[in-house]
Novice: 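Quick one: this structure, given as structure tokens, is what I'll be asking you about.
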Amino acid sequence: MKHLHIALWGVLPYLVLTILIAGTVWRYRYDRFGFTTRSSQLHEHRLLSVGGPLFHYGLLFVAAGHAIGLLVPESFTERAHVHEWLYHANALVVGGTAGLATLTGLAILLYRRLRVPAVRAATSRSDRAVYPVLACVILAGLTATATTLQPHSYDYRLGVSVWFRSLFTLDPNVPAMSHAPLPYQVHALLGMTLFALWPFSRLVHAFTAPLGYLTRPYVVYRSRGTRRTPAMHRPGQPTAPRATVRR
């Protein structure tokens, strides 16, 4: 089992990171047009307007919670005079709420994708592979969070977080992760699977932001109505109003 633990918690994270970076660069270079979510808003809007915000905002809070929980050591919060019970209560309430919101939003989006024929037809093979993994990652995370309700529960800040931070020093603390409870190990393995699939699915759009939209010039166009040529226009008569939009 020692060699298996080294492979899972000492080698696999770097392999996944290599696939994530190399795959994203390859996707951007050879499939830049596909570097998008392929919006299906025109096919159905009602369910999307509910499930989309729930999923995206919930996932944003989940990512922020993971960053704080994994990167901020316990010694820092102790120096900041943040009591341990307050930290775990906040992680349980905020993290649990964000996880449930993300799972609910994903369920609505999956129901929409199965229910609307046009959206279902636009679903790619990579999407069919990613959605179940994403759902399992969220469920495993909620299960791990629920274990903190038990008395004398596992403190992930002394195990999983130590292992995660050790990856940045290129000296993985394999025992810290191999001794973690099964829900945390399953959550970590599913998370690495998701990141390995990330560059080859619609999730890659998370690395893009429409910043260029703010600096693009306006396009001038005439509103609908009677078109007049310069020769037909008479002095004193109003011209057709103009409007401007972003390209």
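FYI, side chains are in, hydrogens and waters are out, and symmetry mates aren't considered; it's all heavy atoms of this structure. For clarity, every value in this text was computed on a predicted model and none was experimentally measured.
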Novice: Counting distance only, does the side-chain N/O of Thr97 pair as donor-acceptor with the main-chain N or O of Val94 below 3.5 Å?
Specialist: no
Novice: Quick check for you: to the nearest 0.5 Å, what is the distance between Thr24 atom OG1 and Arg29 atom CZ?
Specialist: 14.5 Å
Novice: So do Leu71 and Phe168 actually touch side chain to side chain, heavy atoms under 4.5 Å?
Specialist: yes
Novice: Counting C-beta onward and ignoring hydrogens, is there a side-chain heavy-atom pair between Thr143 and Val186 closer than 4.5 Å?
Specialist: no
Novice: Any chain of hydrophobic side-chain contacts (each under 4.5 Å) joining Leu12 to Phe164?
Specialist: yes
Novice: Taking the side chain as every heavy atom from C-beta outward, state whether Val137 and Thr193 have any pair of such atoms under 4.5 Å apart.
Specialist: no
Novice: So, taking the atom named OG in Ser49 and the one named CD1 in Ile108, what distance separates them when rounded to the nearest 0.5 Å?
Specialist: 9.0 Å
Novice: Has Tyr14 got a side-chain atom pairing as donor or acceptor with Leu167's backbone, closer than 3.5 angstrom?
Specialist: yes
Novice: Quick one: OH on Tyr131 to CG on Leu109, what's the gap to the nearest 0.5 Å?
Specialist: 7.5 Å
Novice: Check for me, please, whether Leu170 and Met177 land in the same ILVMFWY cluster - side-chain distances under 4.5 Å, paths through other members count.
Specialist: yes
Novice: Tell me whether the rings of His66 and His187 are parallel (<30°), tilted (30 to 60°) or perpendicular (>60°).
Specialist: tilted
Novice: More than 12 heavy atoms of other residues, nucleotides or ligands under 6.0 Å from CZ of Arg120: is that the case?
Specialist: yes
Novice: Closest approach of Pro199 and Arg27, non-hydrogen atoms and distance?
Specialist: O-NH1, 2.7 Å
Novice: If you round to the nearest 0.5 Å, how far is CG of Leu142 from OG1 of Thr147?
Specialist: 11.0 Å
Novice: Hydrophobic cluster membership, with links at side-chain heavy-atom distances under 4.5 Å among I/L/V/M/F/W/Y: are Leu189 and Val62 in one?
Specialist: no
Novice: On a heavy-atom basis, which atom in Ser166 and which in Pro172 lie closest, and how many Å separate them?
Specialist: OG-CA, 3.4 Å
Novice: Return the orientation label for the Trp9 and Trp163 ring planes: parallel under 30°, perpendicular over 60°, tilted otherwise.
Specialist: perpendicular
Novice: To the nearest 0.5 Å, what is the distance between CZ (Arg113) and CG (Leu47)?
Specialist: 12.0 Å
Novice: Determine whether a donor-acceptor pair (N or O, by modelled atom type, separation under 3.5 Å) exists between the side chain of Ser201 and the backbone of Ser126.
Specialist: no
Novice: When you measure from the side chain of Ser161 to the backbone of Gly69, do you find a donor-acceptor pair of N or O atoms at a distance under 3.5 Å?
Specialist: yes
Novice: Would you name the heavy atoms of Val72 and Arg157 that are closest together and state the gap between them?
Specialist: O-NH2, 3.7 Å
Novice: Atom CD1 of Ile19 and atom CZ of Phe200: how far apart are they, to the nearest 0.5 Å?
Specialist: 7.0 Å
Novice: In terms of heavy-atom contacts, does OH of Tyr87 have more than 12 from other residues, nucleotides or ligands at under 6.0 Å?
Specialist: yes
Novice: Counting C-beta onward and ignoring hydrogens, is there a side-chain heavy-atom pair between Tyr154 and Val160 closer than 4.5 Å?
Specialist: yes
Novice: Report yes if the side chains of Phe55 and Leu134 come closer than 4.5 Å at any heavy-atom pair, otherwise no.
Specialist: yes
Novice: Parallel, tilted or perpendicular: which one describes the rings of Phe195 and Trp198, with boundaries at 30° and 60°?
Specialist: parallel
Novice: Is there a path of hydrophobic side-chain contacts, each under 4.5 Å between heavy atoms of I, L, V, M, F, W or Y residues, that connects Val133 with Leu182?
Specialist: yes
Novice: If every non-hydrogen atom of Ala101 is compared with every non-hydrogen atom of Gly58, which pair is closest and at what distance?
Specialist: CB-CA, 4.5 Å
Novice: A side-chain contact here means heavy atoms from C-beta on lying under 4.5 Å apart; do Leu54 and Thr102 qualify?
Specialist: no
Novice: Hydrophobic clusters here meaning ILVMFWY residues chained together by side-chain heavy-atom distances under 4.5 Å, can you tell me if Leu190 and Leu70 are in one?
Specialist: yes
Novice: Just wondering, do Leu8 and Gln185 contact through their side chains at under 4.5 Å, heavy atoms?
Specialist: no
Novice: Ignoring hydrogens, what is the shortest heavy-atom contact between Asp155 and Glu74? Give both atom names and the distance.
Specialist: OD2-OE2, 3.7 Å
Novice: Give me the atom names and distance for the closest heavy-atom approach of Tyr156 to Ala91.
Specialist: OH-CB, 4.3 Å
